[in-house]
Amino acid sequence: MFRAAVRLSVSGVRSLTRTQPRCQAVLASRCYSHGKQETDEEFDARWVTYFNKPDIDAWELRKGMNTLIGYDLVPEPKILEAALRACRRLNDFASAIRILEAVKDKAGPHKDIYPYVIQELRPTLDELGISTPEELGIDKA
């Protein structure tokens, strides 16, 4: 009796599967962003404005730098200048050094990027009294 019920149910399931088309075409759709692309100047201005907020706190500074360093780029010196000035407003010397270390790390094997950034930031570093990791002797592992 049980076998008969199973046979009937299996044949019923087979008939249901056969009524559906054997091959279903998968609709190919691509979801591209059709939004406005941000230019380099707009990107730089957005981050300079972010770090120039007068009421920025230490968490926002770290969050902004973490997001910025996560991009596939080395930040422009004007963005880094705004971030270093935010560090000075917060009296956070350690974050300023971490920013410089992160830039050196992001430059990677391109040995000419980090010296260029330091050269561009030199007046700001001198004005704010921030030493580079090399000047502090903490760049050696």
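Fair warning: this is a prediction, and the values are worked out from it, not measured in the lab.
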Checklist entry - Less than 4.0 Å between a side-chain N and a carboxylate O, is that true for Lys36 and Glu42? => result yes

Item to check | Glu38 and Arg46 ion-paired at < 4.0 Å | outcome: yes

Checklist entry - Are there more than 12 heavy atoms of other residues, nucleotides or ligands under 6.0 Å from atom CZ of Arg89? => result yes

Next on the checklist: How close do Leu61 and Ala83 get, counting heavy atoms only, and between which atoms?
Outcome noted: CD1-O, 4.0 Å

Next on the checklist: With a 4.5 Å cut-off on side-chain heavy atoms, are Ile138 and Glu101 touching?
Outcome noted: yes

Checklist entry - Do Tyr116 and Leu121 come close enough that some side-chain heavy atom pair is under 4.5 Å? => result no

Checklist entry - So does Asp55 have more than 12 non-hydrogen atoms from other groups sitting under 6.0 Å from CG? => result yes

Next on the checklist: To the nearest 0.5 Å, what is the distance between CD1 on Ile97 and SG on Cys87?
Outcome noted: 9.0 Å

Checklist entry - Which is it for Thr49 and Lys53 under the side-chain hydrogen bond (donor to acceptor under 3.5 Å, both in side chains) test, yes or no, and what are the steps along the way? => result CA-CA 6 Å; Thr49 302; Lys53 290 190 304 187; over 6 Å; no

Checklist entry - Are Arg88 and Glu81 ion-paired here, with the side-chain N under 4.0 Å from a carboxylate O? => result no

Next on the checklist: Under 4.0 Å between a side-chain nitrogen and a carboxylate oxygen: does that hold for Arg85 and Glu127?
Outcome noted: yes

Checklist outcome for this item: Rounded to the nearest 0.5 Å, the CD atom of Glu76 sits from the CZ atom of Phe43 at a distance of 9.5 Å

Item to check | For the student: nearest non-hydrogen atoms of Ala86 and Ile56, plus distance | outcome: CB-CG2, 4.2 Å

Checklist entry - What's the spacing between Arg122 CZ and Thr124 OG1 if we round to 0.5 Å? => result 10.0 Å

Checklist entry - Would you say Lys106's side chain and Ile69's backbone share a donor-acceptor pair under 3.5 angstrom? => result yes

Checklist entry - side-chain hydrogen bond (donor to acceptor under 3.5 Å, both in side chains) between Tyr114 and Gln119: does it pass, once the steps are laid out? => result CA-CA 9 Å; Tyr114 182 69; Gln119 170 193 334; over 6 Å; no

Item to check | Asn66 side chain vs Arg62 backbone, donor-acceptor pair below 3.5 Å | outcome: no

Checklist entry - When rounded to the nearest 0.5 angstrom, what is the spacing between CE in Met65 and CH2 in Trp47? => result 8.5 Å

Next on the checklist: Under a 3.5 Å distance rule, please check whether Glu120 uses its side chain to pair with a backbone N or O of Val117 as donor and acceptor.
Outcome noted: no

Item to check | Closest non-hydrogen atom pair between Ala82 and Asn52, with its separation | outcome: CB-OD1, 3.6 Å

Item to check | Minimum heavy-atom distance Ile79-Asp44, with the two atoms named | outcome: CD1-OD1, 3.4 Å

Item to check | Euclidean distance, Leu100 CG relative to Ser95 OG, rounded to 0.5 Å | outcome: 11.0 Å

Checklist entry - Do any N or O atoms from the side chain of Tyr50 and from the backbone of Glu60 form a donor-acceptor pair under 3.5 angstrom? => result yes

Checklist entry - Going from CZ on Phe93 to CG on Leu128, what distance comes out if it is rounded to the nearest 0.5 angstrom? => result 11.0 Å

